[in-house]
Every structure is written in structure tokens, then in C-alpha cells.
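Accompanying notes for the structure given below.
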Amino acid sequence: MNLPLIVILGPTASGKTGYAIELARRINGEIVCADSRTVYRGMDVGTAKPTKREQEMVPHWGLDLAEPNGRFTLYDFQQYAYTKIAEIRGRQHVPMLVGGTGLYIDSVIYHYGLAKEASFDTTRRSRLEQMTVTELTDYAVFHQLELPNDALNKRRLIRVIEQGAVNKKCTQLDDNTVVIGIKSDRETLRTRSRQRSEQMLADGLIEETKRLIQQYGLVEPLRRNAYGVVHQYLNGDITSRDELIDRMVIADGHLVKKQLTWWRSPRRAGDIMWRSLDDLNKQMHASETLDDLGLLSQLIAEYKNFQNTHNTGENH
RNA sequence: GCUGGGGUAGUGAAGUGGUUAAACACGGCAGACUGUAAAUCUGCUCCCUCUGGGUUCGGGGGUUCGAAUCCCUCCCCCAGCA
């Protein structure tokens, strides 16, 4: 049997981690984290990285792969995930791709056509970064490059110029891939986010932020979300603990919005089977009498059914 | 109670007699996005029967051809003095 790939995705604070760990224990799974921030070493509390204890319950991969000031690319993640998924299958375990970074997940499940970069030209990058959007556009047009549909997005313009094209190569979902989305309404997420922010502070987020900034400087991953807000607090731009929490919740809210927009896109919406945490847990506990393969095949069957009904509905 | 400052979209804030009041920022909503993605970028955000129309600047009154802007009065907030 070719073991399936179980993908569990969902917005921040939706409860992916908890569910994934429990499921992994039931179906003999191993978790590959698809999260652009937990790849960084030392960024633990502020990224809600699975704890040591959680990591001991189920093998976790994809954590602590890079230094916060290092360069970690989509290609790096994709290759890492491919390797780990193959290794997990080699052990006759079920690979599970779990995370909230839509792009990372897509690069693996749709097999983005990424090629190894010969070498990253830092000098050229910083030269391009100094150009204005207009200059970059002119440059791209002059060299007859297709412009990104996000024409004012400087980062993407730079990528187009570096690559010499807009890269869109990808495939359909593999037959044995199952994609489950954790469905949750925004109010619930906000409530969870608030609780989680309180917990992060209790767990030493402020000290962690201080330490990381001292060690690496104010690098990009430390400028955003929880870390960015705490940095403003340390700076005195935010003066009260209440405001700090509020701002952390708002930052999470922005992230959630982007994540949901990503997954709502018609390009992938038909591949994601959204289920509430309650339903998923009920199913898991209801099938306790089943053996591991029973629960797994139940999920697969449910997903196949979802795909069929969705696709017929779409074509007619 | 007195004196001074102030009350403009969900919030902060610009506008201080004259082309269409609400720039700008935040928040909210929607969208794009294949190598930094928790990044980066775009649109909408007073109301409506919405390619057009309507209402508004704490309440009321007044001056003026014309008032968020000047005057009177009342209400509320902040600071100082009692």
C-alpha cells in the first residue's frame, strides 16, 4: 500500500497542532511542520512552536532548520519536506504535513516546479531593492519579461527579474493526498488568540524576544507579529500590557485573514475538506474501537467522497 | 464653581468663513501572491433603490450671499485653580 499524505491546514490558533498530534498517535503518523516561522531556531514561544513534550509524543520534522538571520527559501522547504515524507513512508509510517503557511504546503502538494538556484546573488538583490517600482517595471518591460499580476508588488517584481519569468509550474493533487482544513469562525479564533497571547507572555515571550534581538538583530522574522509587537513594547511605543495583548491579537487577526484568503481561492478551494475541530475529534473518538488503519481509511474515504461531490457540483 | 483646552467616519486625527468636509493613520472587510510568505501588494470602508443621489462636523439658536470654522446658549470630556 502506498501510504497517503495527510495534510492538516488551518489558520493560526485553530488547534491544528493538538489535533494533528492526537491523530498521529492513532494512525502511526509523523508530522512535518509546514510553518515559515517555526523553521527558525530559538523562535519558540512567539511562534507557538510545538513544545518539547509535544515533540516527544510524536516525531516532528521541519522545526529549527535555520537561524533567524539566515536565508531559508521555498525550495529549501519543499526539498526538505519531500525527503522527510519519503523517509517516513520508508518506515511504514503515515506522513502528515501540518501547518498554516499556505505557500509551503502548496509547494509540496502541487509539486511546484522549483529548480535549485545556482547561487544567490546578494549584490544583485540589493541593487534591485534600491530601485523604485517604476524603475523595476521599466527594466522588466525592456527585457520583455512578463509582469506579475501584482504589478506594484516590489518583491515580486524583483523575483520576476531574478528568475527571468513568472514561475507557475505545478501539478494536480496526488491521488493519495488528503487535505483537511480546520474550520473555525473568526470570533472563536480571536478568543483563542487572546488566550494564547496571555500564555505566551506567561511563558517568557518578552525575554525570548529580547534575547533573539540581542543575538540576531532586528531581522525580518523578528519584526512581525508577536515579536514585532513585543519589540514595540520594549521600545516604549506600546506602554501597557493590555495594549500589548490587544496588538498581538490584532496581528494574529491579520495573519488569519491572509491565510483564509489564500485557501478560499478557487485554485485550491476544491481540494480542501473543511471540518470543525469538534467534528474531527468526535470522529476520532467515535472510531476508537477501530484499529489504526480503520480510522485512516475512514478519513481517506470521506475525503474521496468530498472530492467527488465537489467536482460534480462544480462541473454542472 | 472659576479659568483654559477640546467635542469632525468604528478609533486617532487634518480641515479653523468660500471650488465636492473628512486628507492621513489605525482598525474592519474583500482580493492578489511559486524562492523573505507571520513577507509583499491591491480595492472597499457615513447612508441609499449606488456608473447616480442623500445626510452629516456634541444639541439648539444667531450673524453672513455663504459657517465644522464667527457669536449666544445648553450638554459632555480633559487640565489647572478653588
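Given the structure is predicted, the values throughout are model-derived calculations rather than measurements. Note on naming: letters A, B, ... go to the chains in the order of the sequence lines (proteins, then strands), and numbering restarts at 1 for each one.
OP1 or OP2 of B:C29 sits under 4.0 Å from a side-chain N or O of A:Arg186. At B:A37, one or more side-chain N or O atoms of A:Tyr104 fall inside 4.0 Å of OP1 or OP2 (strictly under the cut-off). Neither OP1 nor OP2 of B:U34 sits under 4.0 Å from any side-chain N or O of A:Arg268. Proximity of A:Gln163 to the phosphate of B:G35: a side-chain N or O atom is located under 4.0 Å from OP1 or OP2. Proximity of A:Ser107 to the phosphate of B:U34: no side-chain N or O atom is located under 4.0 Å from OP1 or OP2.
Contacts of A:Leu114 with the nucleic acid, taken as non-hydrogen atoms under 4.0 Å apart, include base atoms. Contacts of A:Gly99 with the nucleic acid, taken as non-hydrogen atoms under 4.0 Å apart, are absent. If you check every strand for non-hydrogen atoms under 4.0 Å, A:Asp106 touches nothing. In this structure, A:Arg71 reaches the sugar-phosphate backbone alone: every heavy-atom distance under 4.0 Å involves primed, P, OP1 or OP2 atoms, never a base. A:Phe72 comes within contact range of the sugar-phosphate backbone alone, with a heavy-atom separation under 4.0 Å but no base atom that close. If you check every strand for non-hydrogen atoms under 4.0 Å, A:Arg156 touches sugar and phosphate atoms only. A:Glu129 comes within 4.0 angstrom of a base, heavy atoms only. Looking at heavy-atom distances under 4.0 Å, A:Thr47 makes contact with a base. Within the nucleic acid shown, A:Glu162 has no heavy atom closer than 4.0 Å to any nucleic acid atom. Using a 4.0 Å heavy-atom cutoff across all strands shown, A:Asn167 reaches at least one base atom of the nucleic acid.
A:Tyr104 and A:Phe77 have parallel rings, their planes meeting at less than 30° on a 0 to 90° scale where 60° marks the start of perpendicular.
The gap from the C1' atom of B:U55 to that of B:A68 amounts to 15 Å, rounded to the nearest Å. For the P atom pair drawn from B:U19 and B:G66, the interatomic distance equals 15 Å after rounding to whole Å.
Using modelled atom types, one finds no donor on one side chain facing an acceptor on the other under 3.5 Å when comparing A:His60 with A:Gln55. Side-chain contact, A:Gln199 with A:Asp203: a donor N or O sits under 3.5 Å from an acceptor N or O.
Within 3.5 Å, no donor on the side chain of A:Lys258 pairs with an acceptor on the base of B:A37, nor the reverse.
The backbone N or O of A:Glu187 lies less than 3.5 Å from a partner atom in the side chain of A:Thr191, making a donor-acceptor pair.
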